[in-house]
J.: 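First the structure, which I've put down as structure tokens, then a few questions once you've had a look.
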Amino acid sequence: MKVLIVNKFLYPNGGSETYIFKLGEQLVKMGHEVQYFGMEHEGRSVGNHAEVYTSDMDFHGGGLGKLLYPFRIIYSTEAKRKMRLVLEDFKPDVVHLNNINFQLTPSVIYAVRNYGKKTGRHIRIVYTAHDYQWVCPDHLMRIPSTGAVCFACRGGDYIQCTKNRCIHNSMIKSLLGTLEAKYYARRKTYGMVDVIVCPSAFMKRQLDTDPLLADKTVVMHNFIGTNTSKQTEATDGMNVGQATPANDNDGRRRKDYVIYFGRFSEEKGTKTLLETCRALPDIPFVFAGTGPLEEQVNALPNVENHGFVMGEKLQELVTGARFSVHPSECYDNCPFAVMESQVYGTPVLVSDLGGAPELVQTGKTGELFRGGDVRELTEHIRALWDNPELCQRYSENCRDINFDTAEEYCDKIVRKVYS
């Protein structure tokens, strides 16, 4: 089978890129042919045989080209034209869309359907919804000026995005987002896809509010690269690939800290977590990441910031913690961080917003708290910190989690979604 994976960024940039790289890698291992289409970039790490990509759009840069962005982010003739060239060269059976709005635009959907008409073939279009873009112009379902989570645009009332300045707190950008949403809703563009993969049941519920999408959505939680919990039986309880010990029962000891890893930003709950750190000066915290609140992170004496880390170093930090905190105040979809923590044997404390709670066996591998509630978060951290035996029990229970490996996920994708 030939699969064309489409994503605006073709270099490591976030969760959706982690997803497409692992997905493509596993599909190749299974014997399928995979190519990629997206923006050109100096860091691009995957591509296509035709060597055709759209020009890099940097919304934060300057120059005359930026004057054309209001037109190009709604409908990109360049993306449609170049997508057609890749389709003609590769002749895929499936086009798997990911993050396409703004830089690529849904014009690529028309490129696929026009190519199908021309060749007499039905190219199956699959879309993985990494955010809420198709029902919320801002994609986060959050009003930045107030920090409030929001459902106002569901049902097609997209003018609310403009009224609340939802995109970067800018009237102009929010208006453009509203126009884009209205344009594609009127043309029923998103109804042209065959299947929408929702990485959480919460995501499915949001997309199902659009009747055009409701009969196309399927829930498939994200995969984990190597699910160490599934390997314990074959390795006498030792988690394969763990850089540091998991628990005391194996004669190993955790270090004494609580970890947060991810973006340092308000929507991710970092500000709330920092207030909690101030309220618990006797508890050491480790942060791993970067973001706009980095100065505030570095200012606290009981917070040790390791910056952006990945691979074995991140695994070592996560594995060594008593538990991890995931305080997001937006509707996260299916965060890899929550999955990775448990796979490494580290219990989780997760806000109750979005799809993240679906990944936690409450009272078994971790706990939930009310997102944005400083007092409740503080009480939970204090209670867990003062009860190491409970953390140990949660850690042991993490061995029984059942997240899909990349191999299992791709097998389902091929059998249930691509066919």
Side-chain angles (χ1 to χ4, degrees), residues 5-9 12-23 96-102 126-144 147-151 153-154 166-167 181 190 193 195-210 213-214 216-225 260-263 265-270 289 291 324-343 348-360 366 368 371-372 401 403-404 406 409 412-413 417:
I5 295 177
V6 181
N7 193 67
K8 55 190 177 185
F9 302 121
N13 186 65
S16 63
E17 288 71 48
T18 299
Y19 174 89
I20 65 167
F21 296 151
K22 288 291 185 182
L23 178 72
H96 192 144
L97 307 175
N98 292 271
N99 281 348
I100 61 171
N101 289 78
F102 300 144
V126 175
Y127 170 64
T128 294
H130 297 282
D131 56 39
Y132 307 94
Q133 183 75 47
W134 286 11
V135 291
C136 167
D138 177 47
H139 79 264
L140 283 176
M141 299 177 70
R142 183 177 185 271
I143 301 174
V149 289
C150 172
F151 294 100
C153 285
R154 288 193 318 185
C166 290
I167 301 180
Y190 300 140
V193 304
V195 183
I196 301 173
V197 177
C198 300
S200 68
F202 180 85
M203 169 66 77
K204 176 176 169 57
R205 289 195 297 272
Q206 308 320 308
L207 296 187
D208 284 353
T209 60
D210 184 342
L213 309 179
K216 301 176 183 292
T217 56
V218 296
V219 177
M220 289 185 63
H221 288 114
N222 287 334
F223 52 84
I224 199 76
Y260 166 75
F261 57 108
R263 180 169 168 76
S265 61
E266 288 196 29
E267 73 273 10
K268 292 299 183 181
T270 310
S324 64
V325 184
H326 307 271
S328 185
E329 292 172 22
C330 62
Y331 292 121
D332 273 342
N333 188 3
C334 184
F336 283 106
V338 176
M339 301 170 70
E340 288 172 342
S341 185
Q342 294 170 89
V343 163
V348 292
L349 178 57
V350 178
S351 80
D352 61 355
L353 299 174
E358 299 171 28
L359 305 174
V360 184
L368 303 180
I401 60 176
F403 299 135
D404 279 346
Y409 183 93
K412 291 178 182 178
I413 279 278
V417 178

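Bear in mind the structure is a predicted one, so any value in this text is a computation, not a measurement. FYI, the numbering just counts along the sequence from 1.
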J.: Identify the heavy atoms of Asn7 and Asn99 that sit nearest to each other, and give their distance.
T.: OD1-N, 2.9 Å
J.: Could you pull out the closest heavy-atom pair between Cys198 and Met203, with the gap in Å?
T.: CB-CG, 3.8 Å
J.: Among His96, Met220, Lys412, find the one that has a side chain to side chain contact (heavy atoms under 4.5 Å, CB included) with Val417.
T.: Met220
J.: With a 4.5 Å limit on heavy-atom distance, are the side chains of Asn222 and Met339 in contact?
T.: yes
J.: Going by distance alone, is a donor N or O of one side chain under 3.5 Å from an acceptor N or O of the other, for Asn98 and Ser16?
T.: no
J.: Just verifying a value: how many Å separate Lys8 NZ and Leu97 CG, rounded to the nearest 0.5 Å?
T.: 13.0 Å
J.: Identify the heavy atoms of Ile143 and Cys150 that sit nearest to each other, and give their distance.
T.: CG1-CB, 4.0 Å
J.: Starting at CG of Leu23, measure out to OG1 of Thr18 and round the result to the nearest 0.5 Å.
T.: 12.0 Å
J.: Is the distance between the ring centroids of His326 and Phe261 less than 6.0 Å?
T.: yes
J.: Parallel, tilted or perpendicular for Tyr190 and Trp134, by the 30°/60° rule?
T.: parallel
J.: Are side-chain heavy atoms of Cys153 and Pro137 found at a separation under 4.5 Å?
T.: yes
J.: Would you say the side-chain atoms of Lys216 pair up with the backbone N or O of Val193, donor to acceptor, closer than 3.5 Å?
T.: yes
J.: Specify the closest pair of heavy atoms between Leu368 and Pro357, including all atoms of both residues, with the distance to one decimal.
T.: CD1-CB, 3.9 Å
J.: Tell me whether the centres of the aromatic rings in Tyr331 and Phe151 are closer together than 6.0 Å.
T.: yes
J.: Taking atom CZ of Arg154 and atom CD of Gln206, what is their separation to the nearest 0.5 Å?
T.: 5.0 Å
J.: Please round to the nearest 0.5 Å and tell me the distance separating atom CG of Asp332 and atom CG of Leu353.
T.: 8.5 Å
J.: Can you tell me how far apart OH (Tyr132) and CG (Leu207) are? Round to the nearest 0.5 Å.
T.: 8.5 Å
J.: Looking only at heavy atoms, what is the nearest atom pair of Thr128 and Pro199, with distance?
T.: CG2-CG, 4.2 Å
J.: Checking Phe202 against Glu358 for the side-chain contact (heavy atoms from CB on, under 4.5 Å) test, could you report, in this order, the C-alpha distance in whole Å, the side-chain angles of both residues, the deciding distance, and whether it holds?
T.: CA-CA 9 Å; Phe202 180 85; Glu358 299 171 28; 3.6 Å; yes
J.: At their closest point, which heavy atom of Arg263 faces which heavy atom of Lys268, and how far apart are they?
T.: O-CB, 3.6 Å
J.: Nearest 0.5 Å please: distance from the CD1 atom of Ile224 over to the OH atom of Tyr409.
T.: 12.5 Å
J.: Give me the one residue out of Phe223, Phe336, Phe9 that meets ring pair (Phe, Tyr, Trp, His ring centres under 6.0 Å) with Tyr19.
T.: Phe223
